[in-house]
Structures are given as structure tokens and as C-alpha cells.
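One structure is given here, and the rest of the page talks about it.
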There are 2 protein chains.
Amino acid sequence: MAIPEGTAPDALATAALADDLSFLLARANALSLAAGNSALAPLGLRVRSYSVLALAADDGARPTQRELAEFLRLDPSQVVALVDDLQRRGLVERRPDPSDRRANVVVVTDEGRALHQQAVAAAAAAEHDLHAGLDAHDRAQLAALLRRIAFPD
Amino acid sequence: MAIPEGTAPDALATAALADDLSFLLARANALSLAAGNSALAPLGLRVRSYSVLALAADDGARPTQRELAEFLRLDPSQVVALVDDLQRRGLVERRPDPSDRRANVVVVTDEGRALHQQAVAAAAAAEHDLHAGLDAHDRAQLAALLRRIAFPD
DNA sequence: TATTGTTATACTCTATAACTATA
DNA sequence: TATAGTTATAGAGTATAACAATA
């Protein structure tokens with residue numbers, strides 16, 4: 001059976017856990033991940049593979065697999081599988097890094113760029129539903145606060 | 001190999017994905033989950049089992065397994081395994097719901113309540129590190145924004 | 001008929017170690 | 001000696017279907 005959608009019971013809404021930042025983060029992320037995966041499924045992508053494709057398609061990023069792993073908080077061995085899949089489908093290519101021949105730079109193909117554009121639209125539509133209760137100012141504020149947790153420098 | 005800690009490469013920090021709310025949510029949650037699990041490990045708990053224990057220990061909540069599943073966004077079959085584990089260790093008990101004999105209410109034992117108190121302290125310490133960059137006002141604001149995504153009513 | 005808890009199963013994701021080629 | 005990518009594997013988490021007891 002699928003994880004039930006819908007709202008939580010009122011008795012639990014007032015529980016101490018419901019005010020816990022980590023719990024709210026986990027629950028919000030679970031909803032976001034589910035919405036993202038189902039929006040990307042028609043394109044043969046999941047949130048994971050979409051993220052790799054998006055970084056490969058970002059001009060000027062030219063990420064190595066190691067950088068992808070660190071940025072996406074994945075193990076390098078998981079990046080291997082994700083890049084394998086995208087490469088098999090002709091969406092990205094591995095190019096040796098001229099400055100370090102151990103490293104592969106992951107670059108998008110023309111086909112990958114086209115799919116990425118569709119995926120951005122699909123992901124944006126899914127986010128729109130998820131953040132329906134937030135206006136542009138709220139979203140910017142939320143992004144700024146989350147960034148300080150996600151990238152503590 | 002473990003997922004590498006530390007900061008992300010600068011070239012990717014300016015990528016479009018780095019401004020995506022869903023991505024920031026995912027990365028912040030990954031850090032939060034890792035910190036929580038490692039803080040709770042000495043008590044034999046993980047974030048999952050801690051959440052179930054916390055709701056069972058919340059006075060007035062008296063959640064059924066179904067309510068736990070919905071609130072924590074878990075499949076009911078996963079709740080079975082989590083409650084089995086906590087019950088085996090004498091931390092919670094299943095009690096038949098008087099108003100619906102199909103349902104089990106999950107209630108904390110004295111031993112469970114004692115462990116829960118330790119766990120709250122451990123989790124709070126882990127959160128403190130994670131949210132070191134945020135003051136009380138920031139945290140309250142973040143919680144309010146996340147709640148609107150986590151519980152869209 | 002529908003729902004709660006349960007069992008079973010398959011699949012995905014996560015974590016760890018070891019190997020190779022380069023640095 | 002250390003690092004990038006790769007392979008292999010075990011464990012944790014997720015998704016789905018079916019069943020007994022109860023509503």
C-alpha cells in the first residue's frame with residue numbers, strides 16, 4: 001500500500017514533535033520528493049537523476065563526479081550509477097578532466113539539454129502545487145533560511 | 001564509503017539548482033537526518049523510532065498505528081516493524097483502542113518515557129549544531145514556513 | 001463492503017570496503 | 001601516500017499486494 005496522503009490527525013498536530021524543526025523538515029521533504037518524483041516520472045527521470053542532469057546542464061558548472069557527490073550528498077558510487085543511466089540514454093557524456101586525468105567531467109548532450117528543459121517545467125509545476133500557500137516573498141525567505149542549514153559556511 | 005561531509009564546490013554553488021527550494025529542502029533534510037541518527041545511535045534509536053516513541057510519549061496523543069503512519073508519512077507496514085522493535089525492548093505497549101477494537105493505541109511505558117527524555121536532550125543537542133547559524137526568531141520563522149508545506153490544510 | 005493491523009516480497013536507497021589508475 | 005572513479009555487497013528504507021479480524 002502506498003503511503004497515505006492527506007492531513008494528519010488533530011490529536012497529533014498538537015504533539016511536541018509537530019513543532020520540531022527536524023520533523024517539519026523531514027515531512028516537508030517527503031511531500032516534496034514524492035511530488036517531484038511523480039512529476040518527473042513521465043520523462044523517465046527521478047529527483048536524483050534530474051539533479052545530476054540539471055548540474056551537468058548548468059553552463060559554467062562542468063562538475064566532476066566527485067563534485068556531484070558532495071553537492072548532492074550522495075556517495076560517489078551512487079553517482080556512478082546515476083551517470084551510467086543518463087549516459088546510456090545519451091543525455092550526458094563523461095569527459096576526462098584536462099587538469100586531472102583521474103577525474104571525469106559530466107557534460108550534457110544536446111538531447112540531454114532538451115530533456116532538461118522539459119524537466120525544469122515539470123518540476124516547477126510540481127513545486128507550484130506544493131508551495132501553493134506561499135507567495136514569492138515567503139518562498140525567498142524560506143530559501144534563504146534553508147540555505148543557511150544546507151550550506152553552513 | 002560514507003557520504004562526504006563538508007562544503008560544496010563553489011562552481012556548483014552558483015548553479016540554478018542551488019536556488020531550488022526542493023533541492024535546499026532535500027539537502028537540509030539529509031544533514032538533519034544524519035545528525036539526528038548519529039546523536040540517537042548511543043540510545044539505540046534512529047530518527048524513525050525516536051519519532052514513534054515521541055508520539056507515544058506525548059500526553060493526550062494516544063496515537064493508533066494508523067495515525068502514526070499518516071503523521072510520519074510511513075506505510076502502515078513500516079509502523080508495524082517500528083512498534084515491534086520498541087515493544088520488544090519494553091519501551092512501548094500496544095493497547096486495544098476501546099472505541100475501535102481493530103485499532104491498537106501505542107502507549108509509552110515508564111522505561112520508554114525515561115529513554116524518551118534522554119533522546120529529547122540528544123536530539124536537541126544535534127539540532128543546536130545544525131541550526132547554529134539561526135537565532136530563535138529565524139528558527140520560529142523557518143518552522144512556520146515549513147509547517148505550511150508539511151501540513152497543507 | 002471498508003478499514004486496521006499484519007505478513008510477505010520486490011525494489012530502491014544507503015553505507016562500507018576494496019580495487020585501478022592517476023596524482 | 002592520497003585521490004577519482006569503479007565494483008561488490010549488505011543493510012535500511014519504500015512500495016505493493018493479500019489476508020484475518022473487526023467495523
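Throughout, protein chains are lettered first and strands after them, A, B, ... in sequence-line order, and every chain is numbered starting at 1. Keep in mind it's a predicted model, so treat the numbers as computed, not measured.
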Next on the checklist: Can you identify which nucleotide, out of D:dT7, D:dG5, C:dT7, has its nearest atom closest to the A:Ser77 side chain?
Outcome noted: D:dT7
Checklist entry - Rounding to a whole Å, what distance do you find between B:Asp97:CG and D:dT22:P? => result 14 Å
Checklist outcome for this item: Whole-Å distance, B:Gln65 CD to D:dA21 P, equals 17 Å
Item to check | A:Asp135/A:Arg139 salt bridge by N-O under 4.0 Å criterion | outcome: no
Item to check | A:Leu68 CG - D:dA4 P separation (whole Å) | outcome: 13 Å
Next on the checklist: Taking B:Arg89 first and then B:Asp85, would you say they form a salt bridge - that is, a charged N and a carboxylate O separated by under 4.0 Å?
Outcome noted: yes
Next on the checklist: Using OP1 and OP2 only, check whether a side-chain N or O of B:Gln78 sits under 4.0 Å from C:dT6.
Outcome noted: no
Checklist entry - Would you say the side-chain atoms of B:Thr109 pair up with the backbone N or O of B:Leu91, donor to acceptor, closer than 3.5 Å? => result yes
Checklist entry - For B:Arg101 and D:dA23, is the shortest distance between a side-chain N/O and OP1 or OP2 below 4.0 Å? => result yes
Next on the checklist: Without decimals, in angstroms, what is the distance between A:Leu33 CG and D:dG13 P?
Outcome noted: 15 Å
Item to check | Separation of C:dA15 C1' from A:Arg73 CZ (nearest whole Å) | outcome: 12 Å
Checklist entry - In terms of side-chain heavy atoms of A:Val80, which of C:dT7, D:dT7, C:dT4 is nearest? => result D:dT7
Next on the checklist: Would you say B:Val105 ends up clustered with B:Val80 if hydrophobic residues are merged whenever their side chains have heavy atoms under 4.5 Å apart, either directly or through other cluster members?
Outcome noted: no
Checklist entry - In whole Å, what is the span from the CG atom of A:Asp84 to the C1' atom of D:dA8? => result 14 Å
Checklist entry - Would you find a donor on one side and an acceptor on the other, under 3.5 Å apart, between the side chain of B:Ser32 and the backbone of B:Ala28? => result no
Checklist entry - A:Arg95 has an atom CZ; how far is it from atom P of D:dG5, in whole Å? => result 15 Å
Item to check | A:Arg66 side-chain N/O to D:dT3 phosphate OP1/OP2 under 4.0 Å | outcome: no
Item to check | Most 5' of B:Arg46 and B:Arg102 on DNA chain D, judged by nearest nucleotide | outcome: B:Arg46
Checklist entry - How do A:Asp100 and A:Asn37 order along DNA chain C: which one's closest nucleotide is nearer the 5' end? => result A:Asn37
Next on the checklist: What is the separation between atom CG on B:Leu45 and atom P on D:dA12, rounded to the nearest whole Å?
Outcome noted: 14 Å
Next on the checklist: Taking only side-chain N and O atoms of A:Arg94, does any of them lie within less than 4.0 angstrom of OP1 or OP2 on D:dT6?
Outcome noted: yes
